[in-house]
Amino acid sequence: MGDTVLYERRDEIGFITLNRPEAANAQNRRLTYDLDEAFTAFARDDEARVAVLRGAGKHFSAGHDTRPSGDDGGERRPVTLWWDHRGKEITGEGLLAFEEELYLGMCRRWRELPKPTIAAVAGACIGGGLSLAWSCDLILASDDAFFADPVVSMGCPGIEFFCHPWVLGPRLAKEFLYTGERMPAQRAYEIGMVNRVVPRAELDAAATALATRIAERPRYALALTKKAVNACEDEMGLRSGMETSFALHQLSHAHNTNISGFPVLVTDPAKLKTASQ
Ligand code: ZN
């Protein structure tokens, strides 16, 4: 495992820490592969019962890192059976394989991990940061946390891991996407998008206490419970809706490329090296 994500088990709790605080834990390729390895380590750690996903520093995650300096993991071997997207010209084909693996597929793997997971969110949880929090079963937020998906302004209909209508409700999902405005932790709590809001200084302790309480339950029953709720969520249309929205997302990348030469609309194309967003 690399150093952009740390994994540590204390008692029965596996702590997974995003560790790019200098970049507000933005997700470059390296961090995303490291995170997948950390979740894998947690899954295979027989002593670990519950995971806490958190960010080092002030912010949980500022989203996908599309800056040239952020793309430093392209040498990593794909973990899915999609064709190899490494080092290729950005085309619809390459972008589809890349986003299927890193932005949709990995989040699904983490969501379906058969042990409880808790996201402890402080500060910013923006764009792709939402994918990480929404992949977890529970979300604890500090009182300074906020959530936003600004990618409509970049010409895309929301992030790839498209949970918005299910976690916000359709009408708020539209407002959240149309405006790109920040949703404060308290508002996210009121609509049921996060489980609890706690003072910033108490976030780690609150996540640990909640994880410890859950870890006291039988492992097998927890796994079945998670599977049951996820199955119901999928019956409510999450999985099929996400397939449709992912296809529309790819359409937006194709359209943006046609009109601007880049898969996302940006004011300064020099800031982008890859097509990923
Ligand atoms: Zn995309």
Side-chain angles (χ1 to χ4, degrees), residues 16-18 20-21 23-28 31-32 35 51-66 102-104 106-108 110-111 117-204 206-207 210 233 236 238 241-242 245-246 249 264 276-277:
I16 298 172
T17 306
L18 308 172
R20 290 189 76 209
N25 296 314
Q27 300 157 52
N28 59 8
L31 179 141
T32 311
L35 181 56
V52 173
L53 175 64
R54 59 190 182 180
K58 190 175 177 185
H59 300 291
F60 180 73
S61 176
H64 298 152
D65 193 340
T66 56
L102 278 83
Y103 294 164
L104 182 62
M106 285 191 186
C107 292
R108 279 181 172 161
W110 306 333
R111 173 178 176 260
T117 54
I118 301 170
V121 177
C125 182
I126 299 174
L130 295 167
S131 303
L132 307 187
W134 289 347
S135 298
C136 293
D137 300 325
L138 310 180
I139 302 176
L140 292 190
S142 64
D143 50 11
D144 69 344
F146 60 90
F147 304 84
D149 184 348
V151 305
V152 170
S153 66
M154 302 173 78
C156 299
I159 56 171
E160 295 81 1
F161 192 66
F162 193 86
C163 297
H164 314 59
W166 290 270
V167 298
L168 298 170
R171 203 167 302 283
L172 279 178
K174 289 176 182 170
E175 180 183 343
F176 189 69
L177 287 161
Y178 290 177
T179 67
E181 290 177 356
R182 296 177 174 186
M183 178 180 284
Q186 183 60 31
R187 178 66 170 149
Y189 169 73
E190 289 165 2
I191 65 167
M193 207 269 275
V194 308
N195 295 82
R196 302 178 187 179
V197 179
V198 300
R200 175 72 181 88
E202 298 173 18
L203 182 61
D204 265 6
L210 182 59
E233 202 175 19
M236 292 158 70
L238 185 144
M242 199 179 287
S245 57
F246 187 74
H249 183 96
V264 294
S276 56
Q277 170 55 45

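Here, residue 1 is the first one in the sequence, and each next residue gets the next number. Quick note: numbers below take in every heavy atom, side chains included, and nothing from hydrogens, waters or symmetry partners.
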Rounded distance [0.5 Å steps], CG in Leu132 versus CG in Leu35 = 6.0 Å

query = Given side chains that start at C-beta, do those of Arg54 and Leu203 come closer than 4.5 Å, heavy atoms only?
reply = no

Side-chain polar contacts of residues 188-196 - donor-acceptor pairs under 3.5 angstrom, sequence neighbours left out - could you list them?
{"residue": "Asn195", "atom": "OD1", "partner": "Ile139", "partner atom": "N", "Å": "2.9"}

Any donor and acceptor pair, going by atom type alone, linking the side chain of [X] with main-chain N or O of [Y] inside 3.5 Å?
X	Y	value
Thr117	Asp137	yes
Trp166	Met236	yes
Asp143	Ala185	no
Arg20	Ala26	yes
His59	Ala24	no

Which atoms form the tightest heavy-atom contact between [X] and [Y], and what is the distance?
X	Y	answer
Phe147	Ala141	CZ-CB, 4.3 Å
Leu104	Glu160	CD1-O, 4.0 Å
His164	Asp149	NE2-OD2, 2.7 Å
Ala124	Phe146	CB-CZ, 3.5 Å
Ala148	Gly180	CB-O, 4.0 Å

query = Name the one of Val121, Ile126, Leu18 that satisfies side-chain contact (heavy atoms from CB on, under 4.5 Å) with Ser61?
reply = Leu18

task = Tell me whether the centres of the aromatic rings in Phe162 and His249 are closer together than 6.0 Å.
result = no

query = With a cut-off of 6.0 Å (strictly less than), are more than 12 heavy atoms of other residues, nucleotides or ligands near CZ of Arg200?
reply = yes

ask   = With sequence neighbours left out, what residues match Arg187 under side-chain hydrogen bond (donor to acceptor under 3.5 Å, both in side chains)?
value = none

